[in-house]
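Reading through the structure tokens given below for one structure.
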Amino acid sequence: MSVKPVLLVIAHGSRDPRHASTVHALVRRVRSLRPDVRVETGFLDFNIPSVQGVLESLAAEGVRDVVALPLLLTRAFHAKADIPAVLRDAPRRLRIRQAEVLGPSPLLLSALERRLYEAGLTPADKSSTGVVLASAGSTDPEAIAVIAEIAREWRHTGWCAVRPAFASASLPRTEDAVRELRDLGCERVAVAPYVLAPGFLPDRIARGAAEADVLADVLGPAPEVARVLLERYDAARVPVLAAVGA
């Protein structure tokens with residue numbers, strides 16, 4: 001029987017302790033869904049263990065195959081540059097394949113709606129509620145375009161309106177999108193943070209939601225998010241992994 005590759009979840013890291021706590025909670029849910037897969041966590045910055053440290057430990061144990069999964073919602077700088085650079089410096093005995101980022105995915109839209117309903121909305125509220133899809137923001141045009149497209153798709157599921165917003169780098173800000181939805185005549189306005197864990201930018205989103213009626217929680221360890229991780233893992237581990245740089 002072949003041994004499944006180790007799933008290495010690569011998180012950004014943060015000085016905010018809620019970030020690492022949320023990442024670990026998500027990883028625990030992934031392990032519970034797939035107990036036959038070894039799941040490890042590494043951070044790019046601020047937290048330990050580092051990605052490099054985890055890779056070196058795995059190599060020292062004799063592990064051969066690793067799927068490195070960026071805990072990111074869009075393909076921006078970290079997925080395109082930072083993470084590949086770290087993986088190129090991994091011990092040569094490891095065969096590593098970088099999985100795709102989590103978004104976009106219908107499961108993530110389901111997770112966003114889960115958080116909105118947990119915050120007090122009901123499915124009956126959809127047609128009269130405008131939603132701000134609030135992301136961290138990016139200087140990468142591809143990432144911004146993806147957020148805008150997700151907002152357009154989500155609008156077609158029955159919401160009064162959906163507008164994208166960004167906590168940094170791009171416009172509009174959350175508070176501006178909230179006001180726009182008010183001006184459109186939506187009966188209520190909800191803010192759905194399209195972020196995985198608490199931290200500086202999610203806090204900025206929360207402040208921007210001061211005039212909204214509903215503020216949902218971050219996606220965090222929602223079961224749908226855990227399922228997306230495993231979908232990306234399964235897609236990356238087939239066919240047989242190729243060595244990084246080979």
Side-chain angles (χ1 to χ4, degrees), residues 11-16 18-19 22-23 26 71-78 101-105 107-122 125-222 224-225:
H12 182 273
S14 171
R15 292 186 179 89
D16 189 322
R18 296 173 298 167
H19 174 89
T22 302
V23 170
L26 174 59
L71 197 60
L72 301 168
L73 294 171
T74 58
R75 270 183 48 78
F77 181 78
H78 293 302
V101 298
L102 303 186
S105 167
L107 284 170
L108 294 178
L109 286 181
S110 297
L112 287 166
E113 296 206 355
R114 169 191 292 275
R115 293 303 189 222
L116 286 169
Y117 296 150
E118 289 170 351
L121 294 179
T122 71
D125 295 324
K126 289 184 76 168
S127 63
S128 57
T129 301
V131 179
V132 177
L133 179 68
S135 79
S138 174
T139 57
D140 189 309
E142 178 186 350
I144 297 304
V146 166
I147 299 300
E149 179 59 28
I150 291 170
R152 283 191 291 270
E153 290 183 8
W154 203 15
R155 162 68 181 84
H156 295 313
T157 66
W159 296 100
C160 172
V162 179
R163 293 291 185 271
F166 307 95
S168 69
S170 306
L171 295 173
R173 295 286 183 258
T174 301
E175 52 269 35
D176 297 325
V178 168
R179 293 184 191 112
E180 181 185 352
L181 291 171
R182 290 268 188 236
D183 292 343
L184 278 175
C186 297
E187 186 175 315
R188 68 186 64 78
V189 176
V191 174
Y194 190 59
V195 293
L196 288 166
F200 176 75
L201 292 178
D203 284 349
R204 182 179 287 177
I205 289 171
R207 291 193 297 272
E211 296 180 13
D213 302 293
V214 174
L215 171 62
D217 199 359
V218 299
L219 294 173
E224 296 87 352
V225 179

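Values reported hereafter were calculated over all heavy atoms of this structure, with side chains retained and with hydrogens, waters and symmetry mates removed.
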Test item: T174 side-chain N/O and A134 main-chain N/O as donor-acceptor pair under 3.5 Å: no

Sequence-distant partners of A151, side-chain contact (heavy atoms from CB on, under 4.5 Å), two or more places apart: L133, V162, P164

Partner residues of T22 under the side-chain contact (heavy atoms from CB on, under 4.5 Å) criterion, sequence neighbours left out: A197, P198, P221

Can you check whether A222's main-chain N or O pairs, donor with acceptor, with R114's side chain at less than 3.5 Å? no

Separation between CG of L109 and OH of Y194, rounded to the nearest 0.5 Å: 7.0 Å

Using side-chain heavy atoms (C-beta onward) and a distance below 4.5 Å, is V189 in contact with V214? no

Do L121 and T129 come close enough that some side-chain heavy atom pair is under 4.5 Å? yes

For S168, the side-chain contact (heavy atoms from CB on, under 4.5 Å) test, sequence neighbours excluded, returns L201, R204

Does any non-hydrogen side-chain atom of V178 lie less than 4.5 Å from one of V191? yes

The complete set of salt bridge (charged side-chain N to carboxylate O under 4.0 Å, His left out) pairs with one or both residues in residues 188-203, sequence neighbours excluded, reads R18-D203, D125-R188

Partners passing side chain to side chain donor-acceptor pair (under 3.5 Å) against R15 (at least two apart in sequence or in another chain): none

Check P202 against V195 and note the closest heavy-atom contact, atom names and distance. CG-CG2, 3.9 Å

Any salt bridge between D176 and R173, counting N to O under 4.0 Å? no

List the residues meeting salt bridge (charged side-chain N to carboxylate O under 4.0 Å, His left out) with E175, not counting sequence neighbours, and say none if there are none. none

Hey, are the side chains of L112 and L219 touching, using non-hydrogen atoms and a 4.5 Å cut-off? yes

Check whether any side-chain heavy atom of T74 sits under 4.5 Å from a side-chain heavy atom of V101, and report yes or no. no

Is there side-chain contact between I147 and P104, with heavy atoms separated by less than 4.5 Å? no

Looking at residues at least two apart in the chain, or sitting in another chain, which of them share a side chain to side chain donor-acceptor pair (under 3.5 Å) with E118? R115

With sequence neighbours left out, the residues meeting salt bridge (charged side-chain N to carboxylate O under 4.0 Å, His left out) with R163 are E180

With side chains defined as the heavy atoms from C-beta onward, is the minimum distance between L102 and L71 less than 4.5 Å? yes

Within the side chain of H19, is there an N or O that forms a donor-acceptor pair under 3.5 Å with the backbone of G13? yes

In short, ring-ring contact (aromatic ring centres under 6.0 Å, His included) pairs touching residues 159-191 with sequence neighbours left out are W154-W159

Just to verify, what does E153 make a side-chain contact (heavy atoms from CB on, under 4.5 Å) with, not counting sequence neighbours? E149

Any pair counted as side-chain hydrogen bond (donor to acceptor under 3.5 Å, both in side chains), so long as it reaches residues 205-215, sequence neighbours left out: R182-D213

Which residue pairs pass the salt bridge (charged side-chain N to carboxylate O under 4.0 Å, His left out) test when at least one of the two sits in residues 126-144, sequence neighbours left out? R75-E142, K80-D140, K80-E142, E113-K126

